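Read through the structure below, which is laid out as structure tokens, and then see the notes.
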Amino acid sequence: MNDTYLNFVNSPFGARLARSIGLPKPEVLRRYRADQPEFDGLVAIGAGREPRLLNALAGVIARTGFTSVAHQSAGLWVSLAARHGLMTGRFEPAEAGPHGRVAALIFDASGIEDSGQLDTLFAFFHDTLRSLGKCGRIVVLGRPPEACAGSRQWTAQRALEGLTRSLGKEARRGVTANLVYVAEGAEHEAEATLRFFLSPRSAYVSGQVVRVAANGTSHATTFDWAQPLAGKRAIVTGAARGIGAAIASALSAEGAHVIGIDIPSAKDALDATIRPLGGTALAFDIAAAETPAQIAAALDELGVDIVVHNAGITKDKTIARMTEAAWHSVIDINLSAQERLDDALLAAGTLRDGGRIVCVSSISGIAGNMGQTNYATSKAGVIGRVQSMAIPLGKRNITINAVAPGFIETQMTAKIPLAIREAGRRMNSMSQGGQPVDVAQTIAWLAHPGSAGVTGQVVRVCGQSLIGA
Ligand code: NAD
């Protein structure tokens, strides 16, 4: 789907006009492309007192191919970087700016134990923010507040959320800002998550808080960063078009064999999406009672490693005008069908231990929405599923997470009346809608073998939408 305004204000004439009459100019977001370097340029590193994550971070930065500079708050970085064979220098505002030479700002706040120590964050971002280029990345690292030893430390770590979310709103120009809480013992399990937030793959993910728990398997598992899903089999429901088709492509590009599922009437579109990927197309209505057993049987002893519950519908009306059928079908397709399919795959052992479940929720499920009582109920229920199942599934090393898209340019949102559509599109830090690929790349990160420590979480793919924030 097309954002005519964004294209216009980024054309030579449109950009001139926007400048002269003061129109907002959303940035053309830099997205991942296989033919361009994923990690490129200079990263500025800052740190609070006794940073605990810099050592692991130096390994990640060295492996990605970034170069780095150390802000004066991160004196330790210079020797750590040298140990990891990483060329590094000192951050000099004049040298790094003002032309936005820095690709990412990373601050290790893991050792901060008291609100008085938050001053180092001010010093770092005050000095460096203007040096951050278009579509730059901000990543703040901390410890999960709820695991902190005392109230002071909990308070200071929780404060990082307000800072990170505000940085995302201030920086604009396609910059994302996210906070990663890394649990003690999980220092070397955060690489897949750090890579995602430093990459153009997270172009439309901002203002998010993600927790990485110590799991043990992310670090122990060996995989190829270019094809991390090689040898994996992935179910994607609703794969014929829109976000589902993008998920199928993204997982396939990472090496997975994709089993795409969609309703029988969408069989041709499903085949057109799945055949070029060398995947398997299955025409099933996920709401039919017999479908879960049929899917489990179709997968046979080969089983499956990744299940993406993407299929979803809307039937919008205010509740007084809504029919019971519209209420029921939305809850059934968007929520109950997910439960029935997972139950069948788990009971039959079709979903293998160490697997990944990713459910597509919505910011409507977080904020509620006028005319969407059925849809918002179903999508909030999806969040409940993820939260309630994370611990029991953890016994089999299966993770379950949700993505909550905001306004994504698809046939679903093209149906929204123009004025409401334009508001939904612009009310976020990126001043534009996301693309299906933005949701797909987020799901690919959650499906990654290196994401074993990320479970029970909801990640919004909404460009830091004001709705439900
Ligand atoms: P879409 O309508 O373009 O695609 C949905 C797909 O699901 C279609 O191919 C459809 O045939 C399939 N499907 C519907 N019912 C099915 C059933 N019973 N069995 C099998 N397949 C079925 O929608 P989209 O915009 O790509 O949305 C995908 C998911 O993302 C949905 O869960 C939606 O609620 C969610 N979402 C979308 C947005 C957005 O802005 N587009 C925002 C938030 C959440």
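Every number for a ligand or one of its atoms is a count from 1 in the order of the listing. Here the structure is a predicted model, which is why all the values come from computation and not from measurement.
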**Complete:** The side chain to side chain donor-acceptor pair (under 3.5 Å) partners of T128 (sequence neighbours excluded) come to none

**Message:** Just to confirm my output: which protein heavy-atom neighbour is closest to atom 14 (C) of ligand 1, and how far is it?
**Reply:** I313 CG2, 3.7 Å

**Asked** Nearest non-hydrogen atom to atom 5 (C) of ligand 1 belongs to which of A337, G244, G312?
**Response** G312

**Request:** Assess the pair H448 and F196: is the distance between their ring centroids shorter than 6.0 Å?
**Result:** no

**Request:** Assess the side chains of S431 and R172: does a donor N or O sit below 3.5 Å from an acceptor N or O?
**Result:** yes

**Asked** Going by the atom numbers of ligand 1, which of them fall below 4.0 Å from some non-hydrogen atom of T413?
**Response** 39 (C), 40 (O), 41 (N)

**Fill in**
protein heavy-atom neighbour closest to atom 34 (O) of ligand 1 works out as Y375 OH, 2.6 Å

**Message:** Under a 3.5 Å threshold, yes or no: a donor from one side chain and an acceptor from the other, between Q372 and D316?
**Reply:** yes

**Fill in**
If you scan protein heavy atoms around atom 11 (O) of ligand 1, the nearest is D262 OD1, 2.6 Å

**Message:** Regarding atom 29 (C) of ligand 1: of the candidates N310, L270, I243, which has the closest heavy atom?
**Reply:** N310

**Request:** Measure the distance from atom 3 (O) of ligand 1 to every protein heavy atom, then report the residue, atom name and distance (to 0.1 Å) of the closest one.
**Result:** R241 NE, 2.9 Å

**Prompt:** Side chains of K25 and N10: donor-acceptor distance under 3.5 Å anywhere?
**Reply:** yes

**Message:** Do the side chains of R143 and E187 get close enough for a salt bridge, i.e. N-O under 4.0 angstrom?
**Reply:** yes

**Numbered atoms of ligand 1 (with element) below 4.0 Å of F284, judged on heavy atoms** = 19 (N), 20 (C)

**Asked** Are a donor atom and an acceptor atom from the side chains of N334 and S378 found within less than 3.5 Å of each other?
**Response** yes

**Request:** Please write down residue, atom name and distance for the protein heavy atom closest to atom 40 (O) of ligand 1.
**Result:** I408 N, 2.9 Å

**Prompt:** Looking at L141 and L160, what are the two nearest heavy atoms and their distance?
**Reply:** O-CD1, 4.4 Å

**Asked** Identify the closest protein heavy atom to atom 7 (O) of ligand 1: which residue and atom is it, and at what distance?
**Response** G238 CA, 3.4 Å

**Asked** In chain order, what residues pass the ring pair (Phe, Tyr, Trp, His ring centres under 6.0 Å) check against F66, with sequence neighbours excluded?
**Response** F39

**Asked** What are the atoms of ligand 1, with element, lying closer than 4.0 Å to any heavy atom of G242?
**Response** 26 (O)

**Asked** Heavy atom under 4.0 Å from ligand 1: found in T410's side chain, backbone, both, or neither?
**Response** side chain

**Item:** T237 to ligand 1, any heavy atom closer than 4.0 Å
**Value:** no

**Prompt:** Numbering the atoms of ligand 1 from 1, which are under 4.0 Å from a heavy atom of D285?
**Reply:** 17 (C), 18 (N), 19 (N)

**Fill in**
Under 4.0 Å between heavy atoms, the region of S361 that gets near ligand 1 turns out to be backbone

**Message:** For atom 19 (N) of ligand 1, what's the nearest protein heavy-atom neighbour? Residue, atom name and distance, please.
**Reply:** I286 N, 3.0 Å

**Asked** In ligand 1, which numbered atoms sit nearer than 4.0 Å to a non-hydrogen atom of I333?
**Response** 15 (N), 18 (N)

**Request:** Could you establish whether K379 and ligand 1 come within less than 4.0 Å of each other, counting only heavy atoms on the residue side?
**Result:** yes

**Asked** Just by distance, with hydrogens left out, do R241 and Q411 show a side-chain donor and acceptor under 3.5 Å apart?
**Response** yes

**Prompt:** Going by the order shown, which atoms of ligand 1 are within less than 4.0 Å of some heavy atom of A311?
**Reply:** 7 (O), 13 (N), 21 (N), 22 (C), 32 (O)

**Request:** Say whether Q432 and R426, considering side chains only, have a donor N or O and an acceptor N or O under 3.5 Å apart.
**Result:** no

**Asked** Which pair of heavy atoms, one from F284 and one from I261, lies closest together, and at what distance?
**Response** O-CG2, 3.8 Å

**Fill in**
the protein heavy atom lying closest to atom 42 (C) of ligand 1 turns out to be G406 O, 3.1 Å

